[in-house]
Asker: 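The structure that follows is given in the form of structure tokens.
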Amino acid sequence: MSKQSPSTDTQFMDKLVSLCKRRGFVFQSSEIYGGLNGAWDYGPLGVELLRNIKEAWWKDMTHRQNIEGLDAAILMHPRVWEASGHVENFTDPMVDCKQCKARYRVDELLNGLSIKKQKEILRQIDESYARLNDVEIAALFSQLPEADPRSILKLINCPNCGNKGTFTEARKFNLMFKTFVGPVEDSSAVVYLRPETAQGIFVNFLNVQGASRQKLPFGIAQIGKAFRNEINTKNFLFRTREFEQMEMQFFVKPGTDDQWFEYWREQRMNWFVRFGMPKEKLQWHQHEPGKLAHYAKNAYDIEFKFPFGWGEIEGIHNRTDFDLSRHEQYSGKGMKYFDEETKEKFTPYIIETSAGASRSFMAFLVNAYAEEEAPTAEGTMETRVVMKFHPKLAPIKVAVFPLVNRDGMPEIAHKIEEDLRTHLPVFYDDSGAVGRRYRRQDEIGTPYCITIDSQTLGDQTVTVRDRDTMVQERIASDRLVSYLMDRIYKF
RNA sequence: GCGGGAAUAGCUCAGCUGGUAGAGCGUCACCUUGCCAAGGUGAAUGUCGCGGGUUCGAAUCCCGUUUCCCGCUCCA
């Protein structure tokens with residue numbers, strides 16, 4: 001985690017959150033009702049930035065001959081989540097120690113005990129267990145907590161404070177939001193809000209493959225909301241209950257999975273760098289082999305250096321044939337692929353690239369934020385706040401100012417504004433001193449500002465001011481569109 | 001879920017041991033402008049997070065609750 005002082009980190013985040021609200025990037029959800037924990041709304045500038053990020057991802061991923069797009073429903077058949085393992089594995093029974101307030105997952109608490117200790121506990125429950133051997137003990141011990149966790153928990157000391165009998169009752173947290181289809185709220189009508197978009201891709205594997213006539217290897221990309229009933233939300237947009245994912249699942253022949261895994265790792269890391277993230281703010285985190293999720297053969301996260309520490313913004317996982325095999329098993333429908341060339345039939349392996357759109361949004365915000373010393377009209381220095389977004393991601397691409405509101409400058413400025421607006425998001429501003437208008441645009445990351453001055457009246461040129469260098473260039477107004485489009489979209 | 005801190009105008013905050021709410025910045029209008037935020041005049045804006053209680057009277061005291069931040073926990 002970050003080694004910066006906590007106060008600095010907190011101050012940075014406070015400033016960012018404040019700017020987000022003040023300028024319309026992010027608002028708290030349901031604010032007038034006191035807010036809803038872990039939910040945020042994207043304001044006028046935020047939605048532009050978010051859409052630009054998703055658009056950049058979508059183009060990069062789907063403008064390839066071997067990747068197809070998809071937009072699956074958020075509500076899916078409940079059996080999907082049994083097959084995926086979410087019904088089972090998203091449920092973690094937890095207990096708290098009432099004495100020292102430590103919290104534990106019950107399974108980890110119990111499995112952490114020595115065989116000797118387990119044997120002792122079992123004997124206290126029933127003397128007849130004493131004659132079982134170690135293997136039988138272990139087997140029994142792994143089942144008992146499910147049946148009757150309470151009696152066992154009473155006999156265990158808290159690993160932290162050593163007290164016995166201080167645990168709360170085990171509570172189950174299923175991280176999936178549950179709701180009901182139709183008017184009857186009974187168990188047969190239960191559906192879940194998807195906790196990940198991936199399953200919508202897996203279950204459509206053969207639909208997409210057949211419809212698009214793709215051959216392996218190929219991928220399916222999707223952007224969409226997902227929901228997890230997190231126990232704790234945290235760190236602004238980083239851990240929320242509703243969030244958006246940008247996922248691509250790449251289907252490959254087993255045996256070629258390792259090389260595709262490496263290919264996509266490189267591709268995805270480069271994407272973040274290409275859109276302005278410095279390499280030193282990004283790092284790989286490999287999941288330790290012993291701690292891999294049930295489906296994974298290999299897993300790396302791309303982490304971004306947030307003010308509160310390194311945090312995952314994308315996971316690249318080798319999911320093996322787990323998902324398709326499970327869906328084949330649970331649905332009874334064949335999910336295998338037939339290779340016409342080799343006449344082989346097999347279950348493809350899946351390389352997953354799963355990026356958080358919301359988390360990327362926040363990472364791009366954090367990365368863009370800069371405070372610089374800039375000279376004022378009087379020649380003194382003062383701080384200017386600049387959001388140094390990549391031009392493609394910037395919510396507003398160009399601002400248009402008449403230097404003063406007379407001599408026909410506003411009329412020319414409005415004409416230029418309208419011409420540009422058919423190509424780009426434009427902001428017109430004629431209030432106050434021009435320096436103030438520049439700074440306002442800096443704060444929302446507008447890469448270019450155009451000013452119409454008295455020289456414009458004579459030769460139809462305008463100044464174009466660069467956000468990062470603050471340097472101005474004089475451009476003929478009829479060349480503006482190509483000048484801007486070149487700098488913003490072509491590279 | 002536990003512990004700590006916080007919540008007053010759009011933002012940052014002041015408001016003492018209870019006496020019907022303030023500043024700066026920002027916003028808007030008009031004037032002024034001559035290229036990097038603080039020229040002038042005027043204006044709008046708050047059930048002091050929400051709900052109870054104590055009191056003649058609560059932003060202030062008490063209880064509950066919500067949200068945000070920090071730490072723990074958690075993060076298939």
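Every chain is numbered from 1 and lettered A, B, ... according to where its sequence line falls, protein lines coming before strand lines.
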Asker: Please report the distance separating the C1' of B/rU60 from the corresponding atom of B/rG49, rounded so that it comes out in whole Å.
Answerer: 16 Å

Asker: Under 4.0 Å, counting only non-hydrogen atoms across every strand here, what does A/Ser454 touch: a base, just sugar-phosphate, or nothing?
Answerer: base

Asker: Got a salt bridge between A/Glu352 and A/Arg319, using NZ or NE/NH1/NH2 to carboxylate O under 4.0 Å?
Answerer: yes

Asker: Does B/rC11 have its OP1 or OP2 closer than 4.0 Å to a side-chain nitrogen or oxygen of A/Lys21?
Answerer: yes

Asker: Tell me which of A/Val471 and A/Val17 sits closer to the 5' end of RNA chain B, going by the nucleotide each one is nearest to.
Answerer: A/Val471

Asker: Between B/rU55 and B/rA59, how many Å separate the two C1' atoms, rounded to a whole number?
Answerer: 16 Å

Asker: Atom CD of A/Glu443 to atom P of B/rC36: distance rounded to whole Å?
Answerer: 19 Å

Asker: Between B/rG46 and B/rU67, how far apart are the two P atoms, rounded to whole Å?
Answerer: 26 Å

Asker: For nucleotides 26-28 of chain B, list the nitrogen or oxygen atoms of the protein found under 3.5 Å from its nitrogen or oxygen atoms, one pair per line.
Answerer:
from	atom 1	to	atom 2	distance (Å)
B/rG26	OP1	A/Arg436	NH1	2.9
B/rU27	OP1	A/Arg440	NH1	2.4

Asker: Step by step, work out the ring-ring contact (aromatic ring centres under 6.0 Å, His included) result for A/Tyr349 and A/Phe251.
Answerer: CA-CA 6 Å; A/Tyr349 268 40; A/Phe251 301 85; over 10 Å; no

Asker: Will you find, in the side chains of A/Thr446 and A/Arg465, an N or O donor that is under 3.5 Å from an N or O acceptor?
Answerer: no

Asker: Using atom CG of A/Asn405 as one end and atom C1' of B/rG34 as the other, report the distance to the nearest whole Å.
Answerer: 12 Å

Asker: Which base, if any, makes a Watson-Crick or G-U wobble pair with B/rC2, both distances under 3.5 Å?
Answerer: B/rG71

Asker: Between A/Gln245 and A/Thr197, do the side chains contain a donor N or O and an acceptor N or O under 3.5 Å apart?
Answerer: yes

Asker: For nucleotides B/rU54 and B/rA21, find the distance between their P atoms and express it as a whole number of Å.
Answerer: 23 Å

Asker: A/Ile452 CD1 to B/rC35 C1': how many Å, rounded?
Answerer: 12 Å

Asker: Any base atoms under 4.0 Å from A/Gln441, or only sugar-phosphate, or nothing? Heavy atoms, all strands.
Answerer: nothing

Asker: State whether A/Glu443 and A/Arg440 are salt-bridged, where the test is any N-O pair (Lys NZ or Arg NE/NH1/NH2 against Asp/Glu carboxylate O) under 4.0 Å.
Answerer: no

Asker: What nucleic acid atoms does A/Arg384 come within less than 4.0 Å of, heavy atoms only: base, sugar-phosphate, or nothing?
Answerer: nothing

Asker: Assess A/Arg228 against A/Phe243: is NZ or CZ under 6.0 Å from the centre of the six-membered ring, and within 45 degrees of the ring's axis?
Answerer: no

Asker: Using the C1' atom as the reference point in each nucleotide, state the distance between B/rC31 and B/rC16 in Å, no decimals.
Answerer: 43 Å

Asker: Hey, does A/Asp407 reach any base, or is it just sugar-phosphate, or nothing, if we go heavy atoms under 4.0 Å?
Answerer: base

Asker: Please give the distance between the P atoms of B/rU20 and B/rG53 as a whole number of Å.
Answerer: 22 Å

Asker: Below the 4.0 Å mark, does B/rC68 have OP1 or OP2 next to a side-chain nitrogen or oxygen of A/Asn235?
Answerer: no

Asker: B/rC30 and B/rU47: how far apart are their P atoms, nearest whole angstrom?
Answerer: 29 Å

Asker: Polar atom pairs between nucleotides 62-67 of chain B and protein, under 3.5 Å, N or O only, would you list them?
Answerer:
from	atom 1	to	atom 2	distance (Å)
B/rU66	O2'	A/Gly34	O	3.2
B/rU67	OP1	A/Asn37	N	3.3
B/rU67	O4'	A/Gly34	O	3.0
B/rU67	O3'	A/Gln28	NE2	2.8
B/rU67	O2'	A/Gln28	OE1	3.3
B/rU67	O2'	A/Gln28	NE2	2.7

Asker: Between A/Gln472 and A/Arg359, who's closer to the 5' end of RNA chain B by nearest nucleotide?
Answerer: A/Gln472

Asker: Please give the distance between the P atoms of B/rU12 and B/rG4 as a whole number of Å.
Answerer: 25 Å

